[in-house]
Every structure is written in structure tokens, then in C-alpha cells.
K.L.:
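The structure follows.
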Amino acid sequence: MTRRQCVRDVRDEREVTAPAGRGLTGEEIAAHRGISPFTAETRISRATTNATTNATTKPGAPVTGPNWCCSPASRAWWRRGASGVTPCAETACHHRRVIAIRPKPARCAALACLLALAASGCGLSAELDRERNPERRPTPSPTRAAPSPASATPEPSPVVPVQRERGCPPSGLRFGTGPVDAAMGLRAMTLTLTNCGKRSYEVNGYPSVRVLDETGTPLTGVRTVEGTDKVFMAPQDPGPEPLTLAPGETARAGLYWRMGAEDGTYLRVAPKTGRDAMNVRPQEPLDIGPENTLGTTAWAPAS
């Protein structure tokens with residue numbers, strides 16, 4: 001064995017014996033050292049064979065394995081002309097001294113080393129962490145942001161101010177609408193007026209009605225007329241009559257139109273033209289726009 005080969009073999013064995021002592025497998029050592037798994041297993045097996053041979057050699061006998069280094073006893077053995085023993089370089093002896101010892105103390109020392117390695121931590125991940133962080137600085141663990149408590153999403157306020165669903169408005173009058181009736185392209189809806197105040201209220205004539213879209217803008221081309229003559233197939237309007245509503249009483253009027261393609265979302269209504277108006281959202285939209293006519297009947301007592 002030449003000096004170069006002996007030094008190389010010692011270096012190769014050192015690359016695998018330390019990780020193997022920490023519990024790494026041959027595949028883990030191969031991946032970490034950049035060698036093939038077969039090469040790693042071969043070096044581990046060779047190092048194990050040499051260690052076993054050294055531990056079982058009789059006192060005073062040299063190590064005769066394929067990768068041995070000279071102890072003083074081994075050099076003396078070779079000088080006496082032992083057959084089959086090849087000398088090794090002094091440099092290799094400096095890097096790795098193997099002295100023949102008795103089997104039992106060697107096994108005890110090996111067991112103690114393995115226990116120390118096991119206590120210090122094993123595995124490929126531990127060794128890689130030691131190489132990446134030799135100063136053992138604590139690695140900050142990623143922190144997860146605490147989920148913010150679910151907050152109740154406030155309902156958006158209506159774009160168009162409308163009459164409150166309950167209670168009596170300051171005017172003492174409350175408007176209401178019925179469902180939309182449909183037949184042969186004709187649409188009809190009932191509009192009601194209730195005296196929710198403490199005084200009587202006189203009603204005479206036709207309601208004032210404008211149809212608004214969802215933003216509160218009047219629908220294009222939709223006009224309101226008194227009577228039903230301008231709406232095809234609408235029933236005849238009986239005409240206006242004076243009417244007095246006592247507190248709690250209700251009057252009604254009919255709204256008629258032909259089916260259209262654009263919906264009206266709100267109605268801006270007043271008891272008659274010139275009185276204070278209020279926005280009302282009907283139970284159902286009016287499919288009246290665009291360019292259409294809304295006919296109304298006069299106020300009459302609700303039956």
C-alpha cells in the first residue's frame with residue numbers, strides 16, 4: 001500500500017465513520033457527501049471490518065487488514081520479517097493510529113462512544129443543522145398570524161330613503177302597496193293610504209305617483225296619467241269623490257300599466273299633486289320601463 005493510498009483511505013473512512021456513528025444510514029451519508037450509496041456502504045463496511053480486526057488482534061500483533069496503519073507493535077512485527085504484512089507511511093500513522101488492544105476494553109469503549117453520540121443527537125437533519133449553524137444560534141421559528149375575529153359586516157344603508165316599515169310617519173299618513181297582478185300583458189297594483197294620525201284627513205282626487213329605478217332616478221319615458229284610458233285593457237276609472245279618512249281608516253287607488261322590459265324599484269307617492277311626497281318600495285318591482293304609461297284610479301274607500 002502506497003503512502004498516497006493509505007492517506008486517501010484514511011480520509012475516505014473518516015468521511016463516513018463520523019456520520020455513521022451519529023446514526024446516519026448509507027443513503028443519507030451518500031446524499032450529504034455527494035457520493036453514491038454503493039460507495040458509502042463500501043466505506044462503512046471497510047471501516048467496520050478494520051475496527052473489528054483491530055479489536056480482536058492479539059496483544060503485540062500488527063493489524064493486517066487491507067487498510068491498516070502502523071502502531072509501534074506493528075512496525076516491530078514487520079521489522080522481524082513477518083510475512084504478508086505491508087508497511088504503511090508514517091503520515092498515515094500520524095492521521096490514524098490503531099494500537100492492538102484487548103477485545104473487551106475495545107468493545108466497552110465503542111459502546112461508550114455510541115451512547116455519547118446517541119445522547120448528542122442523531123440523524124441527517126441534525127448533522128446538516130450543525131453544519132449550517134456551527135455557532136448554535138437559535139433559529140427563529142415562523143410565527144403564524146392570529147386570525148382576526150370575524151366581525152359582523154354591517155348591512156349597507158339603502159341608497160334611496162324610504163318610508164319606515166313600522167310606526168307612523170310625522171305626516172300622519174302611511175302608504176302601502178299590494179302584489180302585482182298580471183293578465184294578457186296588463187299589470188295592476190293596489191296603492192293604499194292609511195290615516196295613522198290622531199286627526200281626520202280629507203282625500204279627493206288622484207294620487208301623485210312617479211316610478212324610480214334602484215338609484216332613485218325616474219325611469220326614462222314613463223309618465224303617470226289620471227285615469228286608465230291610456231292603458232290598453234285597463235278597467236274603467238270610476239272618477240274622483242271627496243273622502244274623509246278617520247284615524248285608522250284606509251283609502252285605495254289602482255295602478256295600471258302594460259308589461260315593459262325595465263323594472264321600477266321605488267314609487268314616489270303623495271296623496272295628491274302638490275302635497276309632501278314619500279318614497280315607498282313596493283312588494284314587487286314594476287316592469288314598466290322604458291317609454292310607458294302608468295294609469296291611476298281615484299282614491300276610494302278600501303272595502
Side-chain angles (χ1 to χ4, degrees), residues 151-183 185-197 199 201-235 237 240 243 245 248-300 302:
S151 57
T153 304
E155 296 182 359
S157 59
V159 177
V160 180
V162 296
Q163 173 185 262
R164 291 182 298 179
E165 294 183 0
R166 297 181 180 181
C168 185
S171 63
L173 300 175
R174 183 172 184 83
F175 293 94
T177 60
V180 175
D181 294 327
L186 179 65
R187 303 289 189 262
M189 175 186 291
T190 300
L191 178 67
T192 61
L193 174 64
T194 301
N195 182 4
C196 59
R199 299 180 181 180
Y201 188 81
E202 293 184 359
V203 180
N204 186 11
Y206 296 86
S208 172
V209 183
R210 297 192 69 181
V211 184
L212 313 178
D213 62 13
E214 59 184 3
T215 65
T217 304
L219 288 184
T220 304
V222 176
R223 62 191 183 96
T224 303
V225 296
E226 296 179 353
T228 57
D229 296 342
K230 303 296 183 181
V231 181
F232 179 67
M233 295 182 61
D237 171 34
L243 177 64
L245 296 178
E249 291 185 341
T250 301
R252 65 177 178 82
L255 307 180
Y256 298 91
W257 70 95
R258 301 297 298 182
M259 178 183 65
E262 186 177 356
D263 287 344
T265 306
Y266 302 96
L267 296 177
R268 185 164 182 81
V269 295
K272 62 181 299 184
T273 303
R275 297 288 180 91
D276 293 337
M278 182 175 296
N279 296 326
V280 177
R281 182 159 192 167
Q283 298 180 17
E284 301 177 57
L286 285 70
D287 54 345
I288 192 173
E291 305 297 336
N292 209 337
T293 301
L294 177 66
T296 64
T297 62
W299 290 113

K.L.:
Can you tell me how far apart OG (S171) and CE (M278) are? Round to the nearest 0.5 Å.
P.N.:
4.5 Å
K.L.:
Looking only at heavy atoms, which two atoms of P207 and W299 are closest? And how far apart?
P.N.:
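So the two residues come closest at CB-CZ2, 3.4 Å.
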K.L.:
Identify the heavy atoms of T177 and T192 that sit nearest to each other, and give their distance.
P.N.:
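Looking at all heavy atoms of both residues, the shortest contact is N-OG1, 4.3 Å.
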K.L.:
Working to the nearest 0.5 Å, report the span between CE of M233 and OH of Y256.
P.N.:
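Result: 12.5 Å between the selected atoms.
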K.L.:
Hey, does the side chain of N195 reach the backbone of G197 with a donor-acceptor pair shorter than 3.5 angstrom?
P.N.:
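Pair found, side chain donor or acceptor close to backbone of G197.
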K.L.:
First locate atom CG of L294, then atom CD1 of I288, and finally report the distance between them rounded to the nearest 0.5 Å.
P.N.:
4.5 Å
K.L.:
Kindly give the heavy-atom pair with the smallest separation between G178 and M189, and that separation in Å.
P.N.:
O-CG, 3.6 Å
K.L.:
Quick one: pull up CG in L173 and OG1 in T250 and give me the separation to the nearest 0.5 Å.
P.N.:
10.5 Å
K.L.:
Grab the two heavy atoms, one from T190 and one from R252, that are nearest each other, plus how far apart they are.
P.N.:
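Where T190 meets R252 most closely, the heavy atoms are CG2-CB, 4.1 Å.
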K.L.:
Taking D237 for its side chain and D229 for its backbone only, find out whether a donor-acceptor pair lies under 3.5 Å.
P.N.:
no
K.L.:
Is the shortest heavy-atom distance from the side chain of R187 to the side chain of L286 under 4.5 Å?
P.N.:
no
K.L.:
Count the heavy atoms belonging to other residues, nucleotides or ligands that lie under 6.0 Å from CD of E202, then report whether that count exceeds 12.
P.N.:
no
K.L.:
Before giving the answer on side-chain contact (heavy atoms from CB on, under 4.5 Å), spell out for T296 and V225 the whole-Å C-alpha distance, their side-chain angles and the decisive distance to 0.1 Å.
P.N.:
CA-CA 6 Å; T296 64; V225 296; over 6 Å; no
K.L.:
For S208 and A270, indicate whether the former's side chain and the latter's backbone hold a donor-acceptor pair under 3.5 Å.
P.N.:
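No: the side chain of S208 does not pair with the backbone of A270.
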K.L.:
Can you name the nearest heavy-atom pair linking T297 to G254, along with the distance?
P.N.:
OG1-N, 2.6 Å
K.L.:
Going by the side-chain contact (heavy atoms from CB on, under 4.5 Å) test, name the single residue among L193, L255, L191 that passes it with V269.
P.N.:
L191
K.L.:
Quick check: does any side chain N or O of N204 sit under 3.5 Å from a backbone N or O of P240, one acting as donor and the other as acceptor?
P.N.:
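Not at all, since once roles are kept as given, no pair shorter than 3.5 Å links the two residues.
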K.L.:
Measure the CG-CZ distance between D287 and R258 for me, rounded to the nearest 0.5 Å.
P.N.:
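Going from CG on D287 over to CZ on R258, the span is 11.0 Å.
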K.L.:
Could you tell me whether the side chain of E284 and the main chain of V180 form a donor-acceptor pair under 3.5 Å?
P.N.:
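Looks like yes, one N/O pair under 3.5 Å.
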K.L.:
If you round to the nearest 0.5 Å, how far is CG of L219 from OH of Y266?
P.N.:
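Here the interatomic distance stands at 12.5 Å.
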K.L.:
Report yes if the side chains of E249 and T194 come closer than 4.5 Å at any heavy-atom pair, otherwise no.
P.N.:
no
K.L.:
Can you list, pair by pair, the side-chain donor-acceptor contacts under 3.5 Å of residues 160-167, counting residues two or more places apart and other chains?
P.N.:
from: Q163; atom 1: OE1; to: F175; atom 2: N; distance (Å): 3.1
from: Q163; atom 1: NE2; to: F175; atom 2: O; distance (Å): 2.8

K.L.:
Please answer whether the main-chain N or O of V209 pairs with a side-chain N or O of T224 as donor and acceptor at a distance below 3.5 Å.
P.N.:
yes
K.L.:
Please name the pair of heavy atoms, one in V203 and one in Y201, separated by the smallest distance, quoted to 0.1 Å.
P.N.:
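Nearest pair, atom of V203 first, then Y201: CG2-CD2, 3.6 Å.
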